[in-house]
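Just so you know, these numbers use all the heavy atoms, side chains as well, and skip hydrogens, waters and symmetry mates. These numbers come from a predicted model, not from an experiment. So that the names make sense, note that chain A is the first sequence line, chain B the second, and so on, each numbered from 1.
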Amino acid sequence: MAIAQSRSQSKSGVNWRAIWLPIAVALVVIFFLAPVLWQVLTSVKVNEDISAVPTVYFPTRYTLAHYASLFTRRPFGLYILNSAFVSITSTLLCLTLGAPAAYVLARLRLVGKEVILAIVLIVTLFPTVLLFLGLLEIVQATNLANNFLALIVPYTAINLPLTILVMRSFFQQLPKDLEDSARVDGYNTVQMLWQILLPMTLPALVTTGILTFIAAWNEFIFALTFISQENMKTIPVATAQLSGASVFEIPYGPIAAATILGTLPLILLVLFFQRKIVQGLTAGAVKG
Amino acid sequence: MLLKVSLRNATRRVSTNFVLHLFKIMAKLELKNLNKTYAPKVIPVKDVSLTVDDGEFLTLLGPSGCGKSTTLRMIAGLDAPTRGHIYLGEEEITYKRPGDRNMAMVFQSYALYPHMTVGENLASGLKLKKVSRADIERRVAEVSKLLGLEELMNRKPGQLSGGQRQRVAVGRALVRQAQVFLLDEPLSNLDALLRERVRADLKRIFAAQKAPVVYVTHDQTEAMTLSSKVALLNDGYLQQLDSPDRIYNHPANKFVAGFVGSPQMNLLTLPCKGRSAMLGDFQIPLPDLPTVPPEIILGIRPENVSIAQPGDTSFVRGRVNVVENLGMNYLVSTRIESHNAPTQIVRALLPTDRRWNEEEEIALSLPLQHLHWFDVQSGDALIGRQMAGVRS
């Protein structure tokens, strides 16, 4: 029966699957990557091609002048450093605060554990914009404006619930026997955490770490409001505030270049840790 | 020449180490009135006292939920007892940290560290104990040779089969040269055939270790074959602590009698009349008890029930109810009916040289020396004063 069917299919000569599958893939890829590609192309076009009518889709002349101008006319290296500092610090804070909390919530017998979890979940329900005004008051009251702490603390706080929830479900699926075995073998608590648990939780840590990092790296509205000092700005703000020689000139080239430059670290990060991320995302789903 | 010298050195090192080893492991494990209470109604271990001497292989046997795993975890120090004491040699270790007890444990799930290779798994405990690198290498090599793990040293646990993982887990315990070995159902994750083979291996390996071994299982075959002593637990209490032989042949109470042995012992509650118990219309002579109770529980193992021969004094007649073919035997359930007593079922393990049909009449002999008697209320074994003298 099956053989007969496949024969009749090959007789008709059309394998529809082989045709529509690549088309569908191509459409999806174009849909997602076209804006990115457009930015990449814009960032290397010369100014005449950018403003040319009709639109030049694929330029024949290429330039890196837009990239160069980011560093010569503005301290873009410094912006990247600012962004990196804020993002890395808040990511590390998130993991060092969130992972132990998650471990406790997953493993120890704790009175009111469910309540704590519910509160953690509720925090994630508030839109950032709602928190924003309150935070502004706090920043003013504590005199933290133009201080990286004004960014690091909120980023950490906002990303902490996600870290706790992801890490908790990861810890829950780690077999308890492993910890018992480590204790019988003579590991003390610190050694157990560092030598047994940490290596096993690395995929989950990397996954949540990257999610936290991306959120902090891309954050705009806090960074725009709490930091006004030029040399403390982060990339998203600096990119948005790129301006031309006059009010009427929009520097498309440098903006595109800044966008690419700001995205590049994230892409590299994700590519570098890709395997770990996939492991981390599927860790809870498949019993290993 | 050089080879000879190094060989001699090696043997000397091994022998001194062996002496040290013997010296170190002289230890007796003792549990006194151990109790673990989680909540007023959750008391997995109510009162357990027992001792395990050097070279003894003690099995904690019992149905699930009897408290055997909790007892083991308290010995290991993973759970603290609510009451009671644990001694190792002369030293009280009740509240000592698990890492300071020098015990090695094999877990049911094996609990191998997934990010370490087999070699690293074996060496991990020794590294923590600050054993010198050369010693670690030597011990790991010894154990891996003993267990046939040499080929697997560089693999991660994820790349091993169930049987191999089990061997690594045993190896990790052996390498430690611990004072006490604890094994928590180490065979339950293996398939039946492999289990039988590994069981024999375990027996050989742990017989060579002179340290006390505490082994937890719910499988009575493992308990009977492996141990020198069996502690049967039920409901948080120790039911009987004895050699496998005595557990089987002289169960201390009805629970032990029913739990150990397959097919299960016949346990029949019978009325007493004079100095006999009434099984249907047949009289079974009672042992020489101080007082004859109105009712008594008779126990006899199916393999001790045989077809009555002419001249047998203690036998019953009944009708075949069900015949189960066990391969080497038939398990024949016989219905013993009476007008003035409830129907009783006696199961007998009979040879396959004769087939039995349902409803066929059958006469079964119940040899007196194989009868066990238990108190109806307490379930305790009732032993006659002249039990040994009675012969049919």
For A:Q173 and A:F170, run side-chain contact (heavy atoms from CB on, under 4.5 Å): C-alpha distance rounded to whole Å, both residues' side-chain angles, the deciding distance at 0.1 Å, then the answer.
CA-CA 5 Å; A:Q173 56 97 38; A:F170 188 83; 3.5 Å; yes
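- Here SG of A:C94 is found 11.5 Å from CD1 of A:I152. Values are rounded to the nearest 0.5 Å.
- The contact list for residues 185-192 of chain A toward chain B, using heavy atoms and a distance under 4.5 Å, reads A:D185, A:G186, A:Y187, A:N188, A:Q191 by residue number.
- Between A:W217 and A:F213, the ring-plane angle classifies as parallel under the 30° and 60° cut-offs.
- The CZ atom of A:F272 sits 16.0 Å away from atom CD1 of A:I267, with the distance rounded to the nearest 0.5 Å.
- In this pair, A:Y103 and A:F171 present their aromatic rings perpendicular. The plane angle is above 60°, beyond the 30 to 60° band.
- Closest of all the heavy-atom pairs between B:A111 and B:R172 is O-NH2, 2.9 Å.
- At a threshold of 4.0 Å, the pair A:K176-A:D180 counts as salt-bridged, since one of the basic side-chain nitrogens sits closer than that to a carboxylate oxygen.
- For B:L128, the part lying under 4.5 angstrom from a heavy atom of chain A is the side chain only.
- Of the atoms belonging to B:R97, it is side-chain heavy atoms, and not backbone ones, that fall under 4.5 Å from chain A.
- Scanning both residues, B:N121 and B:S124, for their nearest heavy atoms gives O-OG, 3.1 Å.
- Of the atoms belonging to B:L112, it is backbone heavy atoms, and not side-chain ones, that fall under 4.5 Å from chain A.
- Note on B:G77, B:S109, B:A104: by heavy-atom pairs under 4.5 Å with chain A, the leading option is B:S109.
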